[in-house]
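Heads up, the thing below is written out as structure tokens.
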There are 4 protein chains.
Amino acid sequence: MIHSDASRPKDECGVCGIFGHEDAAKLTYFGLYALQHRGQESAGIVASDGSQISLHKGMGLVHEVFSEATLQELKGHLTVGHVRYSTTGASNIINAQPFTATHQGCTVAVAHNGNLVNIRSLRNELEKKGSIFQSTMDSEVVVHLLARCSHLGLEKALIDTFESIKGAYSILLMTEDKLIAVRDPGGFRPLCLGKLNNGGFIVASETCALDLIEAQYVRDIEPGEILIIDREGQHSLHLEHSQRRSFCIFEQVYFARPDSDIFGKNVYQSRKRMGEILARECKIQADFVMPFPDSGNYAAIGFSQASGIPLEMGVIRNHYVGRTFIQPTQSMRDFSVRVKLNPIRSFLKDKRVIILDDSIIRGTTGRSRVKSLREAGVKEIHMLISCPPSRNPCYYGIDFPSGGELIANKKTVEEIRDYLGLDSLYYLSLEGLLEACGGPPEDYCKACFDGDYPVAPDKEFCKLLLGTRNACQSTGKK
Amino acid sequence: MIHSDASRPKDECGVCGIFGHEDAAKLTYFGLYALQHRGQESAGIVASDGSQISLHKGMGLVHEVFSEATLQELKGHLTVGHVRYSTTGASNIINAQPFTATHQGCTVAVAHNGNLVNIRSLRNELEKKGSIFQSTMDSEVVVHLLARCSHLGLEKALIDTFESIKGAYSILLMTEDKLIAVRDPGGFRPLCLGKLNNGGFIVASETCALDLIEAQYVRDIEPGEILIIDREGQHSLHLEHSQRRSFCIFEQVYFARPDSDIFGKNVYQSRKRMGEILARECKIQADFVMPFPDSGNYAAIGFSQASGIPLEMGVIRNHYVGRTFIQPTQSMRDFSVRVKLNPIRSFLKDKRVIILDDSIIRGTTGRSRVKSLREAGVKEIHMLISCPPSRNPCYYGIDFPSGGELIANKKTVEEIRDYLGLDSLYYLSLEGLLEACGGPPEDYCKACFDGDYPVAPDKEFCKLLLGTRNACQSTGKK
Amino acid sequence: MIHSDASRPKDECGVCGIFGHEDAAKLTYFGLYALQHRGQESAGIVASDGSQISLHKGMGLVHEVFSEATLQELKGHLTVGHVRYSTTGASNIINAQPFTATHQGCTVAVAHNGNLVNIRSLRNELEKKGSIFQSTMDSEVVVHLLARCSHLGLEKALIDTFESIKGAYSILLMTEDKLIAVRDPGGFRPLCLGKLNNGGFIVASETCALDLIEAQYVRDIEPGEILIIDREGQHSLHLEHSQRRSFCIFEQVYFARPDSDIFGKNVYQSRKRMGEILARECKIQADFVMPFPDSGNYAAIGFSQASGIPLEMGVIRNHYVGRTFIQPTQSMRDFSVRVKLNPIRSFLKDKRVIILDDSIIRGTTGRSRVKSLREAGVKEIHMLISCPPSRNPCYYGIDFPSGGELIANKKTVEEIRDYLGLDSLYYLSLEGLLEACGGPPEDYCKACFDGDYPVAPDKEFCKLLLGTRNACQSTGKK
Amino acid sequence: MIHSDASRPKDECGVCGIFGHEDAAKLTYFGLYALQHRGQESAGIVASDGSQISLHKGMGLVHEVFSEATLQELKGHLTVGHVRYSTTGASNIINAQPFTATHQGCTVAVAHNGNLVNIRSLRNELEKKGSIFQSTMDSEVVVHLLARCSHLGLEKALIDTFESIKGAYSILLMTEDKLIAVRDPGGFRPLCLGKLNNGGFIVASETCALDLIEAQYVRDIEPGEILIIDREGQHSLHLEHSQRRSFCIFEQVYFARPDSDIFGKNVYQSRKRMGEILARECKIQADFVMPFPDSGNYAAIGFSQASGIPLEMGVIRNHYVGRTFIQPTQSMRDFSVRVKLNPIRSFLKDKRVIILDDSIIRGTTGRSRVKSLREAGVKEIHMLISCPPSRNPCYYGIDFPSGGELIANKKTVEEIRDYLGLDSLYYLSLEGLLEACGGPPEDYCKACFDGDYPVAPDKEFCKLLLGTRNACQSTGKK
């Protein structure tokens, strides 16, 4: 039983859909498996054999939610899958996706990655017309909108629905016989199309899902595109809009898997390039550079190559970590840091060290890690961050803490350096980051760094989305 | 993962709500525990502390769904609980109750026992106005209707909603601060009010729930009554209607617990009286009468007392039964019968036996049991049934098979006797049954016996409720 | 994790073995299923295909411990199974049976029902010779004794082992290719041989296990017999002894299933006869007699038939009970009684009632039940017990409390009546009980009633068996 | 239910014991958590409060086996814990450790890392004296030996027992009030002593366990030392022997955690040095060097620094991998490789790559990985291994496949290169490896490379340890 945490309506997620393969559910399972880093809270797959629709979803990791037996029950050549993420313990089966609903004999399923910024006014309007809501999911709103337009025919209903929606969405929709992929006009979140060996198709958040099931990458779904795949083939609709491209730069910095290509670039190489540019922007003397594994690994490699300062792995990651719920004893200070990363004391003693990491959010973890290095006898600790200070919340689907909790929102770089206990602290410049990511700088949303939000949110958006009376729900065996 | 079986939309259920006790969730737990016979498929409790609403529900028995921890999370003095029944393996967390929804900042929870007979037209109408549905539950329709009337104020909305609904319903509703109990104008299903030791209240399907938590029985909720309990006290609204009373006589025969009083009568005594009247209606020579335990126990006692024919327990019920999923081997014929009831061979050999049971639905189980007795050496087997032949489906919430599968719908009594392999077979007369149940005969719904349905169902009601495109859903860990 | 409770070394159990059936493990599963009343703490099956031996055991009910998959892994035509009982929450996988061990390349498995009374001196002697022990099971001692005699050949080793053992044992042994059934010279516990449809054999504690798998009862294993079944056929050895027969009379009163025949008698009929003799011994005026279901059911039928006093079911057993671990609230007094048995208040009010039950052990449960009946308005409560007062502990495998906790050990019948709050209390006489059970009175062990122990226990037997330093052990996932 | 695989009697394990801390069980839990890489099959902790001993063990990872509740039941200041490893799915609760037994009122618990090479003759001798065995664990033999010497007093019994044992053992023993650590005269496996903040002590396989609970490293347990810790303090006994030191060099190459110091050296630095020496021994032209993460990471860093060839991470490890049991579809070739490591196609195309890894055992995994790189378009693939060819089985506790399955046992380096599909293949020389590990070369056991076994095994040792009749056992819920 877990309460829904109304302060965290914005979740990062991953989606994967298959059209035209007899093992569609299994391929979707593996696609979600490769996208697990985009959401560990819940997973779900909905399948259709052309007339009958089946759904299975649950709380937990993909491999915990599905078994061979549940996959076999998900019959059909057409599937949509979803993984959902929550940074807190809060999780809620009512909010698990795909979301399905029936209206006048038709069933539609929706899986959503992103965040709608006019959700509040859309809901209010729908409620005024009589809609009731069971969840706090954007997807539920999408389905209501579609249902209310359904008399217009599918394509018109899609256009009308998505033209009324504002914000970030890479959405997969499924009807009994169609797979529909929609990407918002800004293209905040990645979404790509691949071709299966047998001629079928996959649409997924990242290319790493294509790799695992040996699909060939075809192209990205375009910003503002509605791609419809059915027995007749594929065709696309395009939303009318005046929105500039708004690729989420934080996907490159932090969120996407390094082996994925997103927004036309390989993530590993972008991250390595961030390290290289850091080496150009910032000259420090040190015995070596080391990442906090694995988040800083790739920028650290780039930095080492560009600066000539040797790369070392001075802290070791415990690969079995992350799941113990046993509380440490009183005497075990800084336990939560050491249980994940253990400094190699005999190696670090008396060294001058550059730490490379990809972000500082609240600063609390970093502070403990620095303290732990000091206790291991490190002489000098310099920290480089492979992006600018994260000063602003994200309205488009990445679950940053609210502004006040972001350390860079309240403190100067010098104050952060002091708080973390560092000898020095440097952030990659925004120009450097844009150079590392490649492509036209204006194609990125970098609001978390510069506060320039490409799509204005509702007035009420930043408040708790669904009010203080929101039901806390849980489902499942005790 | 279990498919929803669209041929079985009609389910018997149990409800229990508490107002005004700090341990409301725990009392509801025990109330549901006492009502477990009314539904073994899923269980749920929703609680409110006056502002915050929490819900926990899951598939399985009450003690499987809840733990001390989940009950503690269900904070507040106000609760509504539900157990749901399905005669097949089909079950579906999407259909578990209570059902909750939010509309314009208000949350309402619904738990329903019974079956609405104009659900199809209500849904159609709602869908035309834009409603979408996630489940096949009547409760979801009730919430939609309430939401659409909410601008009228709560009491008017309740009246309007329930005056638009036809069929059987003993419903508990909960808002943040009110417990509302509604019983349809026919009063098909039982629903009673009790008083807690501390001054709080309980509303439950049967009095056995009151007994377990030591509440005092106050009165039945009246047919057509809407009882509202809140901090101000209690008050009732009354639905306008011209409906005659329609107490479900099958609750007396079969469904309710023998220690409950329903419709003003004690069930144990009604069942015993059925046996007594059977003894008057039907004279047979035999060495003894025996029930199939425990369903025939009470009528058998009455029959024995009235006829002077000794009562015996010639078959023994295995109390650990009912949960093995291991398939028997080829050599184990009639296994499913013997695993539940084992004949005492040494006792039964060469005896003339009267079997007393409460119903014959499909006849398949009875046939196997008779065969098993023959193999144990019983010489003569006569069977008495404590009600008339069940010929017609129930539209009001008891999950009979459809007409064609009811053996008495297709066969004469003589043909049934022959099919079961009996020496003789007698049913209690409808007059005898009404005499046994007491009260004015016209106060009962006895449609399953005589086909006289007190509330006419929708034209489309008997077809699959929600069409062939209904989604099969499941939730939970694999 | 559950501590072994050294104050309760004596457990009742059930055993079942199969020889000569390809589905031996599955048949054993169902045999144990029918014997579940003899032990609910743990279950285990060991199987052999003639060379390879497999074992699966676990804590819990038979259907919880085994799945189709685990049964399929138990390959072979030869099996031994066991269910173990503990009246307390104490349970311990280390003590689960069958117990297996390897000695000089041979594996032997043992499943034991009963209790050895010279276990302490046998263990001391073995430890002096260098044996070490992992459990507190009698079975482990049996295996040590067998191993130390193994140079003598199997048959001599069996004779030597069992002639050194004193006490009650119905034991099944399995080697790679033999099923061996041994019953102590007193024959305390039942053990019977049946024939499978395919020509194979079953040995089980009670005939109800034979019934479920459709085996034909052949005969009881004789007291003092060692029956060896292998590919060559069957043959028996006989222990030399001067022990008189000592059939446990409490199996007839209480422990065995009513549909079993034990010691040559049907249990249902014995129990009914106890009621009949009670009616002869004890004349009371009352409105009706009623059992505490189901333990008093059969004697109540006999009593009613013999006395002419009508039988009623004034308290109703909740069939879903027995598994809730939720603590009641403060306000729910006598909860543990009412959760199992609910009095029918409207029926019991102002009645004069005779309660029939099969035993009073500590008296606490009975006292609460009587109180609960008084609260339901019963005017007079008379209680009849279908055996004499239980005054003495059992050394032979039934887990009575120690003498001091047996209410009849400390109080007179009048004091017990007063403690329970009864109007009158009568016990069946020992002569009456022996008459009801049939057969020569001297063939029964009735030590729990008269203190005449047919086999003298070790001096140290009554102390904690394995000393204060006994390890508390548990196994399994958290 | 899992069969014990008699072909794999040799298991690597980890041990951790605490003396003198009120949270001993919790500290042991975290010690085992840090040692999880040494054994993932089962975990167990035994605790003593000076008189009462408690044990909990189970199959699975440390965090799966223990909960806060089970840890709280493990009361006392004195504990011994164990993690056990099996490279196959085979696992068996009967073989889980610690192993406990009672003999003449004393309980002893044993946790063992290593492998005894005269186990067969010891067992034979014990069986001749009457011992029986339930498991295939070396620990069970140790307990039998101790029990048989117990009349000599503890210290003499320890000396006698361990002087009769041959092979590798880092053993922790616990009596009610003593923690005893024993390391074999060769010192094959690491074992170190640490001091807790509160003055208590920890003994553990590796220093990473000390780090996690913030204990200070004191010293290694010496080869041939028996260290006894109790309320009186510490004292040591020393086994008489003529055994040379035999530190397992494969711990440095592969098994120990890089943040541990073992045999007086830091593992990370040893592994980096292996890469440096490889760079000296082997000159190759390539675009970059990359490890198979994480096993080759550290040698790759050393190689890159010494050779000047850039380090890259061309394949990405899926951190959520390792637990899916869903079978891939037909079309997903080489799935088991890609699910763990995904090549970055856009980066690898047309490159000349040096792969660095720490070993080639069977060669099958390596072959698939190389194939996968070829498919990603890599032009040249050279592989460097940071140790010599593994040609011989280990008798001392590392679970290599038997000789015939080791690819280097059957094939020349050129044949292996061809089998793997490489452009070139180089192994580090034995001299190079010894130089990298530091210390006198003769202090290492390197039998897996050169076949020079420092302790001769029993004649029968290499056969299946316990014969073909060994029982397959499993325990637990289905």
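Lettering of chains follows the sequences in order, A, B, ..., and the numbering in each one begins at 1.
A distance of 9.0 Å separates CD1 of I132(B) from CZ of R148(A), quoted to the nearest 0.5 Å. R123(B) contributes atom CZ, which lies 6.5 Å from atom OG1 of T102(A) (distance to the nearest 0.5 angstrom).
The heavy-atom pair separating H144(B) from G130(A) by the smallest distance is ND1-O, 4.5 Å.
For H103(B) (side chain) and S131(A) (main-chain N/O), a donor-acceptor pair under 3.5 Å exists by modelled atom type.
Here the side chains of K129(B) and K129(A) are not in contact, with every heavy-atom distance at 4.5 Å or above.
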